[in-house]
Chemist: 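One structure follows; several queries about it will come next.
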Amino acid sequence: MLDKRYDHNQTEQEIYQLWLDLGVFSPERQIALLEKHGIKPKNKTFSVLMPPPNANAPLHMGHATYTIQDLMTRYKRMQGFKTVYVPGTDHAGFETQVVYERLLKKQQKSRFDFDRKTLFEDILAFVKENSGVAIQQLKRLGMSADWSRLTFMLDKQVIKTVYDTFKKLHEDGLVYRDFYLVNYSPHHGTTFSNLETEHIEKTTCLYFVNYKVKNSEEVITVATVRPETIFADTAIAVNPQDKRYKKLVDKTVINPLTGKEMPVIADDAVDMEFGTGALKITPGHDFTDYEIGKKHNLEIISIINLEGKLQGTGTEVDGLRVKQAREKTVEILKEKGALARINENYVHNLLVDYKDKLPIEPMLLPNWFVRVDGMAQQTIRAVEENKVKFNKPVWKKEMLRWLKDIRDWPISRQIVFGIRIPVWYNVEETKNVFVTFLDNQGNSHELLLENALTEGFTIEEIREGLQKLIAPTNAKYVIAEELPGDSYLPETDTFDTWFSSGQWPLTTLKYPDGEDFKEFFPTSFMDTMWDILFFWIARMLMFSLYLTEQVPFRQVYIHGMVTDEHGQKMSKSKGNVINPMDFIEKYGADALRMGILVGGNTAAREFSLSEDKVRGYRNFANKIWNMARFILGMVEQSDKSIPNFNEAVREKCTAEDTKILEELAILITDVNNSFKRLRFTDAGNAIYHFMWHRLADEYIEHVKNREDKDVALSVLTYCYNTCLKLLHPFMPFVTEKIWENMPKEKSIPLIIAPWPK
RNA sequence: GGGUCUAUAGCUCAGCUGGUUAGAGCGCUGCAUUCACAUUGCAGAGGCCUCUGGUUCGAAUCCAGAUAGACCCACCA
């Protein structure tokens with residue numbers, strides 16, 4: 001009846017369709033089906049939220065770890081919990097816009113050719129066009145998610161919740177607007193949070209520049225990698241302990257480029273050991289200098305604009321990009337004889353964005369911030385009190401460390417594809433806002449609103465073609481979802497993606513009034529990788545505690561990164577990237593799932609996945625397939641009167657039978673204990689070993705020689721069917737397919753068959 | 001600079017609160033094919049458990065140090 005070899009491709013499609021037809025992923029339907037089969041469900045729920053993959057990108061191997069979530073979901077579902085696995089997709093604002101802009105570039109266009117609204121609609125259409133892929137692939141992995149509950153990050157109800165949260169934060173005085181030195185990427189045209197930046201080592205020139213002391217022959221030499229920012233210098237700082245410079249403190253020096261007088265100040269932040277021990281202070285373009293500048297009340301000068309070009313120096317460097325400006329500035333310094341020397345092999349840590357590793361300019365820009373210390377305190381308490389559990393102590397520690405050191409959260413992003421910050425500026429009251437817009441003819445303008453109005457543009461025309469708006473920090477505004485009146489222009493910044501995804505448990509379950517929220521919140525199990533522990537897990541905890549005073553999930557499972565067979569991170573440049581779909585094609589989703597769940601320890605920081613491993617588990621699928629063939633063949637031969645395993649059969653058992661039954665009982669206990677301890681590898685390994693090396697290699701061989709085949713076959717079928725149940729959460733497809741064909745008492749689908757106790 | 005983790009077979013890793021002869025998968029070697037399965041079976045080789053000390057009747061396991069590697073956070077111009 002069954003083919004000699006197990007054909008995963010055909011079976012997996014067929015079985016997934018079977019589950020969809022049953023509707024069993026829906027918790028309501030699950031309960032109805034259980035009752036139909038006369039099984040009493042547990043009076044408890046189990047809920048898991050899927051970390052939303054990017055809607056417009058295909059899955060990568062990291063997503064194969066979603067099988068951890070599906071494993072728990074299936075395990076609990078079989079135990080009779082009312083179970084829901086809620087899927088969703090993310091708009092991934094910044095990432096998606098980057099991808100889309102690359103497409104535009106190929107068409108010789110750029111985002112500056114479109115007004116906000118058009119650009120947003122175009123990107124959304126692009127995402128929608130591609131958004132089926134990720135979901136199709138999740139289905140191929142076997143995710144038993146309730147697709148009727150699918151949430152997209154830009155769904156109406158999500159935006160509604162995000163806006164409500166923003167309003168509440170504002171009412172509670174936790175939102176503020178401030179000029180602040182932020183991580184600005186001239187390349188991407190947006191601000192980043194500290195979490196979105198990193199440092200890379202780079203060899204550059206370290207320039208030693210002389211600053212003359214006023215009314216004296218003396219000079220102070222300063223070491224810098226950024227001579228172009230000398231135009232914005234407002235002081236020289238030395239360490240108060242530094243004897244070399246003691247007599248120069250409070251003296252005045254002359255800026256070699258601008259000729260401006262600036263003070264020499266003393267500050268502990270200066271490292272005597274570094275360079276010359278004297279530090280030039282540029283509060284407008286450096287984070288340390290900004291702090292020092294504020295402390296000493298220094299003027300803050302900004303000479304780099306949003307395109308990364310210099311402006312306002314009154315010299316030939318104006319209009320040059322930072323790199324060229326630096327070369328030009330060095331020339332000028334040389335001409336003026338202010339350049340002492342250059343160290344050309346200086347290695348320093350350059351601040352870059354996480355995406356393209358391009359330089360970040362610290363820029364003084366008005367930004368929206370969320371005051372987070374209160375929420376952080378609340379979260380620290382919840383974590384310390386173990387309201388939320390982590391699978392390893394290290395993650396709890398990491399979480400607390402980050403929360404205790406948290407800074408206010410800049411939530412503005414200057415990208416279009418996201419949820420717009422629902423703020424409107426009354427431009428009759430505040431006219432000194434800076435606007436970039438396309439007029440009726442599609443020509444671009446970049447100027448002060450006042451001037452635009454004088455030039456004859458109407459507010460409406462500007463609003464329609466608006467690309468970017470920068471309002472001063474004291475601008476009057478109202479919070480509203482829709483245009484509040486004719487004299488208003490919208491804030492053009494969008495929320496940081498993590499501002500909306502941080503509310504994922506609330507938005508997917510339809511906080512505050514939805515049925516799902518009442519029934520399934522707090523959720524039971526949250527699985528993700530450690531790279532977004534702060535980005536996402538921390539933010540979800542903070543938002544949920546702030547809004548509901550409850551943690552959003554009771555158990556956090558942090559899994560490691562999937563690496564190649566040598567423990568190397570998969571990356572395009574290394575050429576070792578494996579597409580999960582290739583493995584599914586070749587070896588089946590069941591085999592890939594086993595490769596992830598059992599082939600390595602998912603809780604380790606990294607775990608390797610090799611083709612050999614997955615092939616091995618494909619072989620295992622075939623092995624259990626053939627065990628079924630053997631059993632079915634025997635049943636057919638033996639005049640079809642194999643008794644179900646019961647007390648009568650048990651009385652006739654031989655020593656071998658009793659032994660295998662005892663071992664099965666131990667297996668069940670072990671597997672349940674392993675699940676309790678979230679040690680999936682142990683559970684899977686135990687089942688694998690028992691089925692292959694005990695049941696197949698030994699017991700089946702024994703059965704072949706038995707006189708009382710009825711008894712032996714009854715025991716064998718019982719053991720085998722029990723193993724199918726245990727294995728189902730790991731290898732759902734092949735087990736369900738075999739289950740359909742096995743002799744058994746009840747014809748309940750394996751996916752909801754009662755879990756062995 | 002602050003913090004964390006790892007080191008066990010050729011490879012990838014288990015080995016949990018110390019306790020017989022240190023385990024698995026893959027790979028390797030030899031043998032077996034009208035048998036449910038060659039996507040198989042049987043047999044086998046292969047380990048100073050990184051090093052040095054310490055605690056202990058007993059250490060892969062606990063402690064200290066060394067060496068090597070990985071990561072997180074912060075960042076010095």
Side-chain angles (χ1 to χ4, degrees), chain A residues 1-8 194-195 197-199 204 206-209 222-227 229 233 236-237 239 269-282 285-289 292 346-351 392-395 397-398 401-402 404-405 407 530-531 533-534 560-561 563-569 586-588 591 594-595 598-601 604-634 673-674 677 679 681-682 684-686 688-689 692-693 696-698 700-701 703-704:
Chain A
M1 174 160 42
L2 300 180
D3 288 342
K4 203 168 170 183
R5 278 192 189 177
Y6 170 59
D7 178 355
H8 58 262
N194 282 343
L195 282 171
T197 62
E198 48 191 83
H199 292 263
T204 54
L206 181 63
Y207 302 91
F208 291 79
V209 181
V222 163
T224 179
V225 293
R226 303 207 53 187
T229 63
D233 280 0
I236 298 286
N239 193 295
V270 181
D271 182 356
M272 292 195 281
E273 307 293 319
F274 186 87
T276 62
L279 174 64
K280 78 186 198 65
I281 302 299
T282 321
H285 295 288
D286 184 277
F287 291 103
T288 316
D289 296 4
I292 296 176
Y346 178 65
V347 180
H348 98 299
N349 292 331
L350 184 68
L351 185 64
K392 290 174 97 181
V394 62
W395 303 125
K397 266 165 70 180
E398 284 277 290
R401 180 176 61 75
W402 188 74
K404 284 173 181 170
D405 197 33
R407 300 231 183 142
W530 40 257
D531 61 339
L533 186 66
F534 308 140
M561 183 169 53
T563 63
D564 73 2
E565 70 263 40
H566 299 296
Q568 294 293 308
K569 189 175 174 175
K586 237 169 140 179
Y587 304 114
M594 282 294 274
V598 184
N601 179 4
R605 195 167 262 279
E606 286 163 3
F607 60 98
S608 72
L609 182 77
S610 63
E611 181 150 6
D612 281 347
K613 243 180 223 175
V614 178
R615 192 193 304 117
Y617 291 116
R618 187 273 315 260
N619 294 354
F620 178 55
N622 192 59
K623 185 76 192 178
I624 63 173
W625 180 259
N626 273 288
M627 290 167 77
R629 286 185 69 217
F630 173 81
I631 295 171
L632 291 171
M634 295 292 276
N673 283 337
S674 295
R677 300 171 64 198
R679 295 182 70 110
T681 309
D682 291 358
N685 257 328
Y688 176 97
H689 189 264
W692 198 323
H693 300 297
D697 289 348
E698 293 172 12
I700 282 186
E701 291 308 312
V703 169
K704 285 177 184 170

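Here is how names work: the chains are called A, B, and so on, in the same order as the sequence lines, proteins then strands, and each is numbered from 1.
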Chemist: Rounding to the closest angstrom, what is the interatomic distance between rG10(B) and rA68(B) at atom P?
Modeler: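 Each nucleotide's P atom is 23 Å from the other's.
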Chemist: How long is the span from the CG atom in L351(A) to the CZ atom in F287(A), to the nearest 0.5 Å?
Modeler: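 Between L351(A) CG and F287(A) CZ, I get 6.5 Å after rounding to 0.5 Å.
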Chemist: Considering every strand and a 4.0 Å limit on heavy-atom distances, what is the contact class for K613(A): base, sugar-phosphate, or nothing?
Modeler: sugar-phosphate
Chemist: Using the P atom as the point on both nucleotides, what is the distance between rA7(B) and rC51(B), in whole Å?
Modeler: 13 Å
Chemist: C1' atom, rC28(B) versus rC11(B): distance in rounded Å?
Modeler: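 Here rC28(B) and rC11(B) have their C1' atoms 11 Å from each other.
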Chemist: Determine all donor-acceptor pairs shorter than 3.5 Å in which one atom belongs to a side chain in residues 615-623 of chain A; sequence neighbours excluded.
Modeler:
| from | atom 1 | to | atom 2 | distance (Å) |
| --- | --- | --- | --- | --- |
| R615(A) | NH1 | D612(A) | OD1 | 3.1 |
| R615(A) | NH2 | D612(A) | OD1 | 3.4 |
| N622(A) | OD1 | Y6(A) | N | 3.1 |

Chemist: Quick check: on RNA chain B, is the nucleotide nearest W402(A) upstream (toward 5') of the one nearest D697(A), or the reverse? Name the residue that is more 5'.
Modeler: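 It is D697(A) whose nearest nucleotide is closer to the 5' end.
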Chemist: Hey, could you give me the CG/CG distance between D233(A) and D289(A), rounded to the nearest 0.5 Å?
Modeler: 8.0 Å
Chemist: May I ask you to say what K4(A) touches in the nucleic acid, namely base, sugar-phosphate or nothing, with a heavy-atom cut-off under 4.0 Å?
Modeler: sugar-phosphate
Chemist: Among all residues two or more places apart in sequence or in another chain, which pass the side chain to side chain contact (heavy atoms under 4.5 Å, CB included) test with N194(A)?
Modeler: N183(A)
Chemist: Which is true for E273(A) with a 4.0 Å heavy-atom rule: it touches a base, it touches only sugar-phosphate, or it touches nothing?
Modeler: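 The answer is nothing, as E273(A) stays clear of every strand by at least 4.0 Å.
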Chemist: For RNA chain B, what dot-bracket results from Watson-Crick or G-U pairs at under 3.5 Å, with [ ] for crossers and | for inter-strand partners?
Modeler: (((((((..((((.....[...)))).(((((.......))))).....(((((..]....))))))))))))....
Chemist: Between rU12(B) and rA38(B), how far apart are the C1' atoms? Round to whole Å, please.
Modeler: 25 Å
Chemist: Sequence neighbours excluded, which residues qualify as salt bridge (Lys or Arg N to Asp or Glu O under 4.0 Å) partners of K586(A)?
Modeler: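 For K586(A), the residues satisfying salt bridge (Lys or Arg N to Asp or Glu O under 4.0 Å) (neighbours in sequence not counted) are E611(A).
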Chemist: Taking the C1' atom of each, how far is rA60(B) from rG15(B), in whole Å?
Modeler: 9 Å
Chemist: May I ask you to say what T282(A) touches in the nucleic acid, namely base, sugar-phosphate or nothing, with a heavy-atom cut-off under 4.0 Å?
Modeler: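 Nothing: the residue T282(A), judged by heavy atoms under 4.0 Å, touches no strand.
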Chemist: Mind checking if S610(A) touches a base, just sugar-phosphate, or nothing, with heavy atoms under 4.0 Å?
Modeler: nothing
Chemist: Which part of the nucleic acid, if any, lies within reach of A696(A) when heavy atoms closer than 4.0 Å are counted: base, sugar-phosphate only, or nothing?
Modeler: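 Base, at least one base heavy atom under 4.0 Å.
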Chemist: For rG65(B) and rU55(B), measure between their C1' atoms and round to the nearest Å.
Modeler: 15 Å
Chemist: Checking all strands, does W395(A) fall into the base, sugar-phosphate, or nothing category for heavy-atom contacts under 4.0 angstrom?
Modeler: nothing
Chemist: For K613(A), which residues count as a salt bridge (Lys or Arg N to Asp or Glu O under 4.0 Å) partner, sequence neighbours excluded?
Modeler: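 Partners of K613(A) by the salt bridge (Lys or Arg N to Asp or Glu O under 4.0 Å) criterion come out as none, since no residue qualifies.
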Chemist: For atom CD of E701(A), is the number of surrounding heavy atoms from other residues, nucleotides or ligands below 6.0 Å larger than 12?
Modeler: yes
Chemist: Would you please name every residue forming a ring pair (Phe, Tyr, Trp, His ring centres under 6.0 Å) with H689(A), sequence neighbours left out?
Modeler: H693(A)
Chemist: Remember a base hit wins even if backbone is also touched, and classify D612(A) as base, sugar-phosphate or nothing at under 4.0 Å, heavy atoms.
Modeler: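 Answer is sugar-phosphate: D612(A) comes under 4.0 Å of backbone atoms only.
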Chemist: Mind checking I700(A) for me? I need base, sugar-phosphate or nothing, with any heavy atom below 4.0 Å counting as a touch.
Modeler: base
Chemist: When all nucleic acid strands are considered with a 4.0 Å heavy-atom cut-off, which category describes R618(A): base, sugar-phosphate, or nothing?
Modeler: base
Chemist: What does H693(A) touch in the nucleic acid at a heavy-atom separation under 4.0 angstrom: a base, only the sugar-phosphate, or nothing?
Modeler: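 Answer is sugar-phosphate: H693(A) comes under 4.0 Å of backbone atoms only.
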Chemist: Sequence neighbours left out, what passes side chain to side chain contact (heavy atoms under 4.5 Å, CB included) with E606(A)? Give chain and number order.
Modeler: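 By the side chain to side chain contact (heavy atoms under 4.5 Å, CB included) rule, E606(A) matches M561(A), T563(A).
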Chemist: Looking for any heavy atom pair under 4.0 Å, which part of the strands does V270(A) touch: base, sugar-phosphate only, or nothing?
Modeler: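 Touches a base.
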Chemist: Base, sugar-phosphate, or nothing: which does D271(A) touch, judged by heavy atoms less than 4.0 Å apart?
Modeler: base
Chemist: For Y207(A), which contact category applies under a 4.0 Å heavy-atom criterion: base, sugar-phosphate, or nothing?
Modeler: nothing
Chemist: Please enumerate all residues that pass side chain to side chain contact (heavy atoms under 4.5 Å, CB included) together with D531(A), with sequence neighbours excluded.
Modeler: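 If we apply the side chain to side chain contact (heavy atoms under 4.5 Å, CB included) test to D531(A), skipping adjacent residues, the hits are M529(A).
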Chemist: Give me the first and last nucleotide of RNA chain B, going 5' to 3', that has any atom under 4.0 Å from a heavy atom of chain A.
Modeler: rU4(B) to rA77(B)
Chemist: Nearest 0.5 Å please: distance from the OH atom of Y688(A) over to the OG1 atom of T681(A).
Modeler: 14.0 Å
Chemist: Please report the distance separating the P of rA14(B) from the corresponding atom of rC37(B), rounded so that it comes out in whole Å.
Modeler: 36 Å
